[in-house]
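One structure below.
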Amino acid sequence: MAHLASCALHALLACAPQGDSPATAERPPLLTANEQASLRDKIVKYFDALDTYERAESSKDREKAGKPRDKAKDAMRGEWELRSKKGNLLASMADLRAVYDACFPAGAPRVQPGAVRKEKDRESGIEYTVAVPKGYKPQKAVRTILALPGTTAADQAASWVDGDRWFAEVFDKTPLLEALVHVVHLPAGIEMDPVPDFSRDGQDAQEAKRFATVFQSFALTNQSMTYDRGRLFLDCGRGTSGFGLRFASVFPTRFAGLVLRHAVMPDDLRFGSLTGMPVLLLKSAKTAEAVAALQAKLEALQAGSVTVLETTDEYPHKAAAAEIDAWMQKQKRNIAPSKVVIEPNDDRFRSAYWVEIGKMEVLHKAPLADRPRIEVVADRTSNRLVVKARGIEGFTLYLNDDLLDLDKEFTVVVNDKAVSEKRTRDLFLLERQVVQRRDWEFLFPVKYDSLVPKPAKADDKPASTDGK
């Protein structure tokens with residue numbers, strides 16, 4: 001169980017679209033539906049055998065698990081080579097999405113379909129409430145809501161609403177139960193909303209505790225249920241809505257959207273990484289000012305990303321469930337948006353979608369306006385990537401044929417300096433990233449690393465053009 005929880009935690013830490021999808025018609029699939037299903041079956045069996053091998057604790061167990069792993073791998077590779085006779089599967093995004101879809105199915109669920117139950121993990125002591133939709137099957141990924149309860153009162157000293165009570169007050173007997181619902185039980189004595197000041201001792205540990213509270217709880221559902229990686233929503237109450245903004249800004253790749261039931265406008269939060277993130281703001285008389293400020297801030301990054309819902313009942317606004325559900329059904333994460341912005345709010349986490357920042361300046365040692373930032377725009381029509389970066393030494397881009405035509409050379413422009421590049425698609429790279437992230441939508445067969453050119457000094461003289 002510890003290994004599975006660790007895998008789930010790593011998947012969350014690894015990588016709601018930013019920007020628009022690439023404006024290009026997707027190539028038709030190379031394979032028939034039956035051929036896709038056959039290859040997917042081999043991939044699922046190989047990943048399952050690989051997981052069994054990696055969970056083995058003794059050399060004897062590893063040796064025993066090694067043979068089934070190798071057999072499943074050979075079967076998958078043989079099928080891949082057979083189907084590749086129709087063309088390069090790594091260039092066909094339609095086929096890749098089909099053959100890797102839900103390739104990490106969970107086993108028998110701990111909670112039966114249609115049931116609601118408070119769970120307690122024996123190993124960690126973590127408690128949570130989970131509701132499984134009727135008709136759930138492990139082979140089919142399900143839309144999921146990760147819910148953070150609110151406080152019992154408006155002041156920060158108030159206690160957290162018990163997870164079972166929060167479920168009853170927000171989700172029970174509503175259309176939202178068409179999704180898998182996981183309610184985190186927040187421990188007493190922890191404040192979630194305050195933005196940490198990392199220049200002060202102990203602040204990084206407090207923030208790590210907040211993250212762990214959410215990660216370790218949801219990992220327990222993740223290991224036993226097949227949640228849809230592209231349709232995970234974060235739903236936050238009073239005292240956790242500010243944290244929800246920060247959490248989503250640090251891990252934007254994880255979420256298809258964010259629901260704030262008691263909006264606040266956080267001080268000293270960098271919003272850039274939320275560019276394009278679908279956000280639903282529940283508006284009441286008490287939150288109207290914060291809702292207006294947040295909407296303006298987020299839509300300045302990308303127009304149309306915010307939806308405001310006028311509430312008709314008291315907080316936590318259970319009457320809005322049908323409208324929230326309708327909004328969620330329209331949202332789907334785009335893992336390869338054409339524009340990605342990363343404005344880190346934590347030195348430890350600096351990736352989003354297909355972009356990763358390498359070494360960078362320490363955040364709290366720079367003024368807010370000068371802190372590290374990267375913006376990358378992919379234009380498939382011109383086969384061009386434009387990168388604007390400051391305060392960082394290097395970066396990594398994961399590329400696929402949604403972003404560029406990788407059969408051709410592409411141009412990378414970093415802070416106005418352009419180079420031409422050509423890369424070969426790599427099945428092993430794609431497979432490794434999918435397994436490490438436990439994310440079957442992270443389908444990028446090319447990795448591109450680059451340094452950021454150092455800015456020219458004021459006294460630098462231009463090179464001579466006449467040979468003198």
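Everything numeric in this text was worked out from a predicted model, so none of it was measured.
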Just list the side-chain donor-acceptor pairs under 3.5 Å for residues 362-369, sequence neighbours left out, or say none.
none

Checklist entry - So, the side chain of Arg40 versus the backbone of Asp101: is there a donor-acceptor pair under 3.5 Å, distance only? => result yes
Checklist entry - Taking 4.0 angstrom as the limit, do Arg246 and Glu207 come out as a salt bridge? => result yes
Next on the checklist: What I want to find out is whether Arg333 reaches Glu441 closely enough, with some N-O distance under 4.0 Å, to be called a salt bridge.
Outcome noted: yes
Next on the checklist: Check the orientation of Phe247 and Phe215. Use parallel for under 30°, tilted for 30 to 60°, and perpendicular for over 60°.
Outcome noted: tilted
Item to check | From CA spacing to verdict: side-chain hydrogen bond (donor to acceptor under 3.5 Å, both in side chains), Gln36, Asp95 | outcome: CA-CA 7 Å; Gln36 290 174 344; Asp95 287 299; 2.9 Å; yes
Next on the checklist: Ring-plane angle category for Tyr227 and Phe218, please: parallel below 30°, perpendicular beyond 60°, tilted otherwise.
Outcome noted: perpendicular
Next on the checklist: Regarding Asp193 and Arg238, does a basic nitrogen lie under 4.0 Å from an acidic carboxylate oxygen?
Outcome noted: no
Checklist entry - How close do Ala102 and Pro105 get, heavy atom to heavy atom, and via which atoms? => result O-CD, 3.5 Å
Checklist entry - Just wondering, do Asn415 and Val387 contact through their side chains at under 4.5 Å, heavy atoms? => result no
Checklist entry - Counting only heavy atoms not in Asp449, do more than 12 sit closer than 6.0 Å to its CG atom? => result yes
Checklist entry - Between Arg270 and Arg390, what is the shortest heavy-atom contact and its length? => result NH2-NH2, 3.8 Å
Next on the checklist: Is there a side-chain contact between Val435 and Leu50 in this structure, where contact means two heavy atoms from C-beta onward sitting under 4.5 Å apart?
Outcome noted: yes
Checklist entry - Is Val279 close to Leu281 at the side-chain level, that is, under 4.5 Å between some pair of heavy atoms? => result yes
Next on the checklist: Does either side chain, that of His182 or that of Thr221, offer a donor lying less than 3.5 Å from an acceptor on the other one?
Outcome noted: yes
Item to check | Pairs where residues 422-431 contributes a residue and the test side chain to side chain donor-acceptor pair (under 3.5 Å) is met, not counting sequence neighbours | outcome: Arg77-Glu431, Asp401-Arg425, Asp407-Arg425, Glu421-Arg423
Next on the checklist: Do the side chains of Lys45 and Asp48 get close enough for a salt bridge, i.e. N-O under 4.0 angstrom?
Outcome noted: no
Item to check | For the student: nearest non-hydrogen atoms of Gly391 and Pro372, plus distance | outcome: O-CG, 3.6 Å
Item to check | Test item: Arg143 and Phe233 side chains (from C-beta on) under 4.5 Å apart, heavy atoms | outcome: yes
Checklist entry - Does the side chain of Val183 reach to within under 4.5 Å of the side chain of Tyr128, using non-hydrogen atoms? => result no
Checklist entry - With a 4.5 Å heavy-atom cut-off, do Leu385 and Leu399 have their side chains touching? => result yes
Next on the checklist: Between Arg110 and Ser224 (side chain of the first, backbone of the second, donor and acceptor by atom type, cut-off under 3.5 Å), is there such a pair?
Outcome noted: no
Checklist entry - Going by distance alone, is a donor N or O of one side chain under 3.5 Å from an acceptor N or O of the other, for Asp61 and Ser58? => result yes
Item to check | Thr144 side chain to Val142 backbone, donor-acceptor under 3.5 Å | outcome: yes
Next on the checklist: What verdict does the side-chain hydrogen bond (donor to acceptor under 3.5 Å, both in side chains) test give for Ser38 and Asp41, after you've listed the backbone C-alpha separation in whole Å, the side-chain angles of each residue and the deciding distance to 0.1 Å?
Outcome noted: CA-CA 5 Å; Ser38 178; Asp41 181 63; over 6 Å; no
Checklist entry - Which pair of heavy atoms, one from Ile357 and one from Pro344, lies closest together, and at what distance? => result CD1-CG, 3.9 Å
Checklist entry - Does Glu35 pair with Lys86 as a salt bridge, N-O distance under 4.0 Å? => result yes
Checklist entry - Sub-3.5 Å donor-acceptor pair from the side chain of Trp354 to the main-chain atoms of Pro337, do we have one? => result yes
Next on the checklist: Contact between Phe395 and Val414 at the side-chain level, heavy atoms closer than 4.5 Å - yes or no?
Outcome noted: yes
Item to check | Test item: Thr226 side-chain N/O and Lys140 main-chain N/O as donor-acceptor pair under 3.5 Å | outcome: no
Checklist entry - Is the backbone N or O of Gly237 less than 3.5 Å from a side-chain atom of Thr240, with the two atoms forming a donor-acceptor pair by type? => result yes
Next on the checklist: Has Trp327 got a side-chain atom pairing as donor or acceptor with Thr307's backbone, closer than 3.5 angstrom?
Outcome noted: no
Checklist outcome for this item: Here the pair of heavy atoms bringing Thr275 nearest to Gln302 is CG2-OE1, 4.0 Å
Checklist entry - Ignoring hydrogens and geometry, is there a side-chain-to-backbone donor-acceptor pair from Gln433 to Phe442 under 3.5 Å? => result no
Next on the checklist: Looking at every heavy atom in both Leu429 and Tyr398, which two are closest together, and how far apart are they?
Outcome noted: CD1-CE2, 4.5 Å
Checklist entry - With side chains defined as the heavy atoms from C-beta onward, is the minimum distance between Leu269 and Leu245 less than 4.5 Å? => result yes
Checklist entry - Is it true that a side-chain atom of Asp439 and a backbone atom of Val434 form a donor plus acceptor pair closer than 3.5 Å? => result no
